[in-house]
Amino acid sequence: MWQIVKNELSYHKFILIFGCITVALFGNATKFGFERFDLSEMAWMVFLGAYTVIYTKSQEEKRNQYFARLPLPVKSIGLARITVLYLVFFGLLVLNSPDHLTWKALTEDLRSWTVLLGNTLILIAYTLALIVADIHTIRNRKYRTLFWVSVASYALLMTTLVTTSLIYYNQQSAPYWGVFLFKKPIIPVLLSLLPIPILFHVSIAAFMRRKSYFAA
Amino acid sequence: MPKAFEFKDVIKNYGDFSLGPLNLALEPGTVLGYIGPNGSGKSTTMHCLVGLVKADAGEMHVFGRPNDPNKPEWKLDIGYVGDVHVFYENWSGERNLKFLRQFYPNWSDALVADLARRFEIPLNKKAKELSSGNRVKLSLISALAHQPKLLLLDEPTAGLDPVVRTEVLDVLFSVLEDGERAIFYSTHILSDISRLADELAFIHNGNVVQRHAKEDLTDLWRKITFQFDGNSLQLDAVVSHKQEGRDHQVISSNFEKTLSNLSTLGAENVQENRMSIDEIAVQILKDVKNVANR
């Protein structure tokens with residue numbers, strides 16, 4: 001499994017190095033006194049771009065088909081595939097906004113939650129795309145349940161993000177239950193992070209149950 | 001000794017196409033040509049065996065081991081080249097081979113070097129910059145370098161122009177002639193495999209309809225011409241019959257039986273001609289199609 005992860009990261013090393021440097025510099029622009037230009041927005045765009053290139057390259061070059069021929073258990077391949085995406089994501093996330101990931105920021109600053117949830121939403125969207133592609137090859141009602149589990153996770157995260165944003169930007173328009181929930185930061189913490197391990201496992205299960213490794 | 005591979009009642013449904021129930025086996029060290037028209041199920045058979053597609057029913061074994069996707073040791077015995085050649089496109093051929101080497105304990109760098117020399121492939125070029133012919137060659141090196149006991153070739157030269165195809169096959173066959181591995185080669189161009197094949201299996205509409213030793217086919221099949229005046233011509237083993245006046249031409253799958261019939265009937269100017277394996281294969285597939293359409 002690690003051979004695949006290592007090779008995938010090595011294959012994308014230039015985009016990863018470029019992404020890491022840019023995200024680390026722009027994401028922390030406020031530290032260098034560039035608050036006016038809101039460079040952290042640009043960091044976010046680079047983050048998204050780098051992530052998208054890595055994801056789409058793997059689809060374009062039919063990586064599933066390449067790996068499925070290898071003498072590796074199909075579970076390892078599914079695990080490697082999702083691990084690459086998650087490693088890149090969390091690596092970039094940590095570089096993007098170290099300020100937002102401190103305990104103090106997470107417990108007291110709603111803006112940190114908005115940033116974290118926004119980024120997590122990207123991760124969930126890409127994981128969902130993988131799961132949908134897998135499930136498309138499984139013409140079986142039982143395994144379509146996987147899809148709805150994923151959609152429910154996405155909806156949960158989206159609701160949390162919208163609520164957080166509303167509270168952050170204008171508390172008056174936020175729903176009462178949202179304001180109530182965010183008085184106890186541990187609840188939105190759990191809510192927003194819950195879909196990540198769920199979808200991680202769902203994506204491995206869906207990959208293992210594919211009926212064909214030809215489709216993207 | 002376990003068979004190189006074995007299909008037992010394997011079924012794969014695609015809605016508009018169904019493979020099987022397929023029962024097919026190959027002895028170690030044997031070369032089986034898998035012949036059929038486009039869409040007959042050749043690639044599906046290969047994909048099920050390699051694990052790229054999951055069969056809906058049945059069992060498959062490779063050298064006695066079930067082709068379980070979670071216990072993939074059986075894949076160490078297989079070298080597979082399909083009609084699509086997948087690589088890390090921005091890596092050189094050499095780097096792609098280095099990636100694959102990690103997964104195969106029997107990988108031989110010396111063999112890679114020898115194959116690269118014989119195929120005359122520039123391994124330092126990026127995969128995406130390789131010509132179609134060189135992509136096929138790189139796939140073949142990838143499939144052969146771990147010295148598999150079973151080689152699965154699924155129309156590997158599809159899409160190549162005739163000159164490049166001949167060039168690739170000439171080198172491939174000279175490499176394969178040295179070895180003792182089992183080969184399962186699917187194609188709709190029989191001349192691609194007739195040089196190597198020990199046996200030929202013919203597939204039509206998802207089912208293996210005939211299987212013969214190559215020697216049996218070339219020994220038994222003949223094109224026979226003769227003259228005959230009568231109306232009632234009942235001949236054994238005839239798969240095709242053309243008539244112009246009193247001139248007849250038949251293709252027989254057992255020429256001795258047919259000649260014996262003709263002798264009894266008193267046919268004149270009987271001449272028998274040997275047929276090439278390509279002509280025989282075309283005739284078998286035509287015959288199968290006619291039977292299916294009746």
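Order of the sequence lines fixes the chain letters, A, B, ..., with proteins taken first and strands second; residue numbering starts at 1 for each chain. Scope of the values below: all heavy atoms of this structure, side chains included, with no hydrogens, waters or symmetry mates.
- For residues 73-85 of chain A, heavy-atom neighbours of chain B at less than 4.5 Å comprise Pro73(A), Val74(A), Lys75(A), sorted by residue number.
- Only the side chain of His47(B) comes within contact range of chain A, judged by heavy atoms closer than 4.5 Å.
- Under a 4.0 Å N-O distance rule, the pair Glu27(B)/Lys3(B) qualifies as a salt bridge.
- Asp56(B) touches chain A through its side chain: at least one heavy atom from C-beta onward sits under 4.5 Å away, while N, CA, C and O do not.
- Using cut-offs of 30° and 60° on the angle between ring planes, the pair Phe17(B) and Tyr14(B) is parallel.
- No side-chain heavy atom of Pro148(B) sits less than 4.5 Å from a side-chain heavy atom of Asp77(B).
- Counting heavy-atom pairs closer than 4.5 Å to chain A, the top-ranked of the candidates Leu52(B), Val53(B), Val50(B) is Leu52(B).
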*Verdict with supporting geometry, Val84(B) and Lys62(A), side-chain contact (heavy atoms from CB on, under 4.5 Å)*: CA-CA 10 Å; Val84(B) 178; Lys62(A) 302 184 173 73; 4.2 Å; yes
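- With respect to the salt-bridge test (charged N to carboxylate O, under 4.0 angstrom), the residues Asp161(B) and Arg165(B) do not qualify.
- Within the 4.5 Å cutoff, the side chain of Phe7(B) has heavy atoms near those of the Thr45(B) side chain.
- When the heavy atoms of residues 129-144 of chain B are compared with those of chain A, none of the residues falls under 4.5 Å.
- For an aromatic pair to be called close, the ring centres must be under 6.0 Å apart, and Phe5(B) with Phe63(B) fails this.
- Side-chain N or O atoms of Thr30(B) include none that pairs as donor or acceptor with a backbone N or O of Leu26(B) at under 3.5 Å.
- Between Phe200(A) and Tyr86(A), the two ring planes are perpendicular [angle over 60°; tilted spans 30° to 60°].
- Contacts of residues 12-22 of chain A with chain B at a heavy-atom distance below 4.5 Å are absent; not one residue qualifies.
- For chain A, no part of Ile78(B) is nearby; none of its heavy atoms comes within less than 4.5 Å.
- A heavy-atom distance below 4.5 Å is not found between the side chains of Leu152(B) and Val81(B).
- By the 6.0 Å contact criterion, CD on Glu120(B) is open, its count of non-hydrogen atoms from other residues, nucleotides or ligands being 12 or less.
- Not a single side-chain hydrogen bond (donor to acceptor under 3.5 Å, both in side chains) links Glu94(B) to another residue, sequence neighbours left out.
- Side-chain contact annotation: Tyr66(A) with Asn96(B), donor-acceptor N/O pair under 3.5 Å present.
- Between Phe99(B) and Phe67(A), the two ring planes are tilted [angle within 30° to 60°].
- The contact between Lys12(B) and chain A is made entirely by side chain atoms (from C-beta outward), counting heavy-atom distances below 4.5 Å.
- Seen from the ring of Tyr213(A), Arg63(A) does not count as a face-on cation partner, given the 6.0 Å and 45° thresholds.
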